[in-house]
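Note that these values count all heavy atoms, side chains included, but never hydrogens, waters or copies made by symmetry. Below, chain A is the first sequence line, B the second, and so on; all start at residue 1.
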2 protein chains.
Amino acid sequence: MFSIGEMARRSGVKAATIRYYEQIGLLEQAGRSHGNQRRYGRDELDRLVFIRHARDLGVSVPAIRELIALSGDPQRPCAQADRIASAHLATIREKIARLKRLEAELERIASCKAHTVGECYVLRALGEHDLCEGEH
Amino acid sequence: MFSIGEMARRSGVKAATIRYYEQIGLLEQAGRSHGNQRRYGRDELDRLVFIRHARDLGVSVPAIRELIALSGDPQRPCAQADRIASAHLATIREKIARLKRLEAELERIASCKAHTVGECYVLRALGEHDLCEGEH
DNA sequence: CTACAATCTCGAGCGACTAGAGCTTCAAGA
DNA sequence: TCTTGAAGCTCTAGTCGCTCGAGATTGTAG
């Protein structure tokens, strides 16, 4: 039996966050000790680690909810889990692409050689519309 | 003189967001028409476009506030603006690196060949701790 | 003058936590 | 057994950067 602090240490999820997960129904209501403190078993720890990993991978809470629901029914075809993961992969790739564009732009902007703010490229670049590459 | 809708169209920032920016002091209080509607000039549009660009680049509102304060004093050395941009560049690079790691992991996970959830790698992978590469 | 679109203010809601106040319980040592 | 201090409890509110809706008012074209 683990206390919430044990769970936090073993999973890397803060106690407050564990309570929050319970509150939003991502974790089931934990059993309680005599004095009303939460007590957990292996299964709950496993689920929490699952959640932690998924969150680390940037999976949203609703998506995690779906995955948990899916995994509750092991006979079911896994195409749907696959779909969730793939969709997420696609958004991650988009984010990477977008960030790379930003990196290039900022690199250009940040290599400012001026001495005073008045002639500073950082500030001018942000104000000038024609430097954008047709994004808006 | 532009209405808030004009500003929205020209800058790509929603009217509600323009009001919000005014509320948090990112834009100054706009002048008003006879009937209390906001009216803007060129300068205000320029600043809004500046803000929009910076936000698009992922610069936080506090950082934008700093940049605006800096640009109000054109004699000042621009080293500080430079520093803000560079710091931001560093965080963007970190994000990219992190996302790439996620991409690799998800790629592995998402290539699931199982037929049922019970043997699905997507779900198993998320639950297993030894698949992490020492991140926690 | 009449429609109707645009704008106004105010307040709440989003996602995913996080922090703090003020109280109770647990566990280890004397 | 008692004490003490860490750890837990609940509840509320705050974070960030918007976004939306309700219900009232204003602007403008025909």
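Distances shorter than 4.0 Å separate none of the side-chain N or O atoms of A/Tyr20 from OP1 or OP2 on C/dG15. Close to C/dA16, at under 4.0 Å from its OP1 or OP2, lies no side-chain N or O of A/Tyr21. An OP1 or OP2 oxygen of C/dT7 is reached within less than 4.0 angstrom by a side-chain nitrogen or oxygen of B/Ser3. Note on A/Arg38: every side-chain N or O is 4.0 Å or more away from OP1 and OP2 of D/dG8. For A/Arg39 and D/dG8, the shortest distance from a side-chain N or O to OP1 or OP2 is not below 4.0 Å. In terms of phosphate contacts, A/Arg55 brings a side-chain nitrogen or oxygen within less than 4.0 Å of OP1 or OP2 of C/dC17. Contact annotation: A/Ser60 does not reach the phosphate of C/dG15 (side-chain N/O to OP1 or OP2, under 4.0 Å). For A/Ser33 and C/dC26, the shortest distance from a side-chain N or O to OP1 or OP2 is below 4.0 Å.
Ion pairing of B/Arg47 with B/Asp43 is absent here, as no side-chain N (NZ or NE/NH1/NH2) approaches a carboxylate O to less than 4.0 Å. The pair A/Glu6-A/Arg9 counts as a salt bridge, with a side-chain nitrogen and a carboxylate oxygen less than 4.0 angstrom apart.
For A/Ile4, the listed nucleotide lying nearest its side chain is D/dG8; candidates were C/dC17, D/dG27, D/dG8. Among D/dC20, C/dC8, D/dC9, the nucleotide with an atom closest to any side-chain atom of B/Arg32 is C/dC8.
Between B/Gln37 and B/Val61, it is B/Val61 whose nearest contact on DNA chain D lies nearer the 5' terminus. The residue among B/Gly5 and A/Thr17 whose nearest nucleotide of DNA chain C lies closer to the 5′ end is B/Gly5. A residue-by-residue look at A/His34 and B/Tyr40 shows that B/Tyr40 has its nearest nucleotide of DNA chain C further toward the 5' end. Residues A/Gln23 and A/Asn36 both approach DNA chain D. Their nearest nucleotides, taken by heavy-atom distance, put A/Asn36 toward the 5′ side.
The interatomic distance linking B/Ile18 (CD1) with C/dC8 (C1') rounds to 14 Å, in whole Å. Atom CD in B/Glu22 sits roughly 18 Å away from atom P in D/dG17 (whole-Å rounding). Between the CD atom of A/Glu6 and the P atom of D/dA6 there is a distance of 18 Å, given to the nearest Å. In this structure, the NZ atom of A/Lys14 is 17 Å from the C1' atom of D/dG8, given to the nearest Å. Atom P of nucleotide C/dC8 and atom CD of B/Gln29 are separated by 13 Å, given to the nearest angstrom. Rounded to an integer number of Å, the gap from CD1 of B/Ile24 to P of D/dT15 is 12 Å. When the C1' atom of C/dG11 is taken as reference, atom CZ of B/Arg19 falls 14 Å away, rounded to whole Å.
Within the model, atoms CD1 of B/Ile18 and CG of B/Leu48 stand 5.0 Å from one another, a figure rounded to the nearest 0.5 Å.
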| request: Give the intermediate values and the outcome of side-chain contact (heavy atoms from CB on, under 4.5 Å) for residues B/Arg55 and B/Ile51. | output: CA-CA 6 Å; B/Arg55 290 293 303 129; B/Ile51 295 170; 4.1 Å; yes
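Under a hydrophobic-cluster definition in which Ile, Leu, Val, Met, Phe, Trp and Tyr are linked whenever side-chain heavy atoms come within less than 4.5 Å, directly or via other members, A/Met1 and A/Val13 are assigned to different clusters.
Under the 3.5 Å distance criterion, the side-chain polar atoms of A/Arg39 are left unmatched by any main-chain donor or acceptor of A/Ser3.
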